[in-house]
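See below for the structure under consideration.
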Amino acid sequence: MSLASLFVLCRFVHFISVMQLFGACVFTRLLSPEGFSAVLARKNQTLILTSAFVSAFTSFLMLAVQAGVMGNGWTDTINLNVWLLVLTTTFGDVWRWHMLMSVCALLLLLIDRLPGRYLLVLLLSAGMLVGQALIGHAAMREGAMGLLQRANHALHLLSAAYWFGSLVPLLTCMALTHQSAYRPAAIVTLLRFSTWGHIAVAVVILTGVINGGLILQRWPTNMHSPYELLLVCKALLVAVMVVAAVYNRYRLVPQLAHHSPLAQQRTIAVCWLELGLALLVIALVSLFATLSPN
């Protein structure tokens, strides 16, 4: 595997872990009623801790791979002097804080019974997502237009992370609706997710269109351009995700009130479909983010 391919793979895994960390913390800490939050946190503890560990590990791995790309190949991936040089670049200015936040998030989760730790981890993961808007294609302009582009991309990442990162905790919450002690709180959490989910999906679509327009300055019609082709593929996958989410919310969820086992099976299946499509979208983003839009 080449260093370039490894960087794309690392970026893919890192995006997944940070978005999962953010979405899971939002779902368990902000959407759930007081008391039920602790239950959801326990149910998703392994998911959250694993996401924090992977995000911290891949943040350092991406720095090492970037050192190899900028240096003389594989040998420079473990050359600390080259690491330090990378940290002096525009990428490094952002990434040093990114690594610090990822380590802090992991340490907070390893400290048991720390009050408010999930809220702190939520803020740190949000910071890592916002930091992604300060590098790459989103940072191609300066001045007021540059600030607009970075802010738009940050909103895009946060809303997408809410949508993607909440899917697994959502399945956990659905399972708790079958337990009488947790059913009322679980239903409230699901309703809150649905309400904010409508906003998140709308923001993902709107900011995605704006972001594409700011980068290309036109519609992506050149299918001979790898960047534009992958961008169109991403848009199509997101469209399928939206259709699946709408079908889930307005066709299947009302049937759950009648305790329909078939409706629940289909709802779970659609959630897994959305999760699979989201992984494909993140894979495409990880790839075309390294390509030139020209």
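Nothing here was measured: the structure is a model prediction, and the numbers come from that model. Residue indices begin at 1 and follow the sequence shown.
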Side chain to side chain contact (heavy atoms under 4.5 Å, CB included) evaluation trace for R11 with M62
CA-CA 7 Å; R11 189 183 181 94; M62 285 178 67; 4.2 Å; yes
For [X] and [Y], indicate whether the former's side chain and the latter's backbone hold a donor-acceptor pair under 3.5 Å.
X    : Y    : result
R117 : L109 : yes
S194 : L191 : no
N152 : T207 : yes
Q20  : S51  : no
T50  : L47  : no

Would you say the side chain of [Y] lies within less than 4.5 Å of the side chain of [X], judging by non-hydrogen atoms?
X    : Y    : result
L124 : L108 : yes
Y118 : Q45  : yes
L85  : M70  : no
L49  : L110 : yes
T177 : L190 : yes
L236 : V240 : no
V130 : R150 : no
M241 : V281 : yes

Answer with yes or no whether the hydrophobic clustering places [X] together with [Y]; edges join I, L, V, M, F, W, Y residues whose side-chain heavy atoms lie under 4.5 Å apart.
X    : Y    : value
L9   : W95  : yes
V204 : L280 : yes
F164 : I199 : yes
I187 : L167 : no
V103 : I111 : yes

Tell me whether the count of non-hydrogen atoms from other residues, nucleotides or ligands lying under 6.0 Å of CH2 in W74 goes above 12.
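For W74, atom CH2 is crowded (more than 12 foreign heavy atoms under 6.0 Å).
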Heavy-atom count around I78 CD1 within 6.0 Å, excluding the residue itself: above 12?
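Not more than 12 within 6.0 Å, no.
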Please write out which residues are connected to L214 in a hydrophobic cluster, directly or through intermediates, given that two of Ile, Leu, Val, Met, Phe, Trp, Tyr count as joined at side-chain heavy-atom separations below 4.5 angstrom.
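Traced through the cluster, L214 reaches M145, L148, L206, I210.
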Under the rule for side-chain hydrogen bond (donor to acceptor under 3.5 Å, both in side chains), what residues qualify as partners of [X], not counting sequence neighbours?
X    : answer
S286 : none
H14  : T58, H98
T75  : none

Per-pair distances, 0.1 Å, donor-acceptor, side chain in residues 29-43, under 3.5 Å, sequence neighbours excluded:
| residue | atom | partner | partner atom | Å |
| --- | --- | --- | --- | --- |
| S32 | OG | T28 | O | 2.6 |
| S37 | OG | T28 | O | 2.5 |

Before giving the answer on side chain to side chain contact (heavy atoms under 4.5 Å, CB included), spell out for T189 and M174 the whole-Å C-alpha distance, their side-chain angles and the decisive distance to 0.1 Å.
CA-CA 10 Å; T189 305; M174 286 182 58; over 6 Å; no
Could you measure the distance from the [atom1] atom of [X] to the [atom2] atom of [Y]? Nearest 0.5 Å is fine.
X    : Y    : atom1 : atom2 : value
L158 : L129 : CG    : CG    : 5.5 Å
M128 : Q132 : CE    : CD    : 9.5 Å
I205 : S159 : CD1   : OG    : 10.0 Å
C10  : L61  : SG    : CG    : 3.5 Å
F15  : S55  : CZ    : OG    : 13.0 Å
K234 : I282 : NZ    : CD1   : 10.0 Å

W83 side chain to Q66 side chain, donor-acceptor N/O pair below 3.5 angstrom:
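Result is no, nothing qualifies.
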Check [X] against [Y] and note the closest heavy-atom contact, atom names and distance.
X    : Y    : value
N44  : P169 : OD1-CA, 3.5 Å
L21  : A105 : CD2-CB, 4.4 Å
L106 : A56  : CD2-CB, 4.2 Å

With a 6.0 Å cut-off on ring centres, are F193 and Y162 close enough?
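For F193 and Y162, the ring centres are under 6.0 Å apart.
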Excluding sequence neighbours, so at least two apart, what forms salt bridge (Lys or Arg N to Asp or Glu O under 4.0 Å) with R96?
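For R96 the salt bridge (Lys or Arg N to Asp or Glu O under 4.0 Å) partners, ignoring immediate neighbours, are D93.
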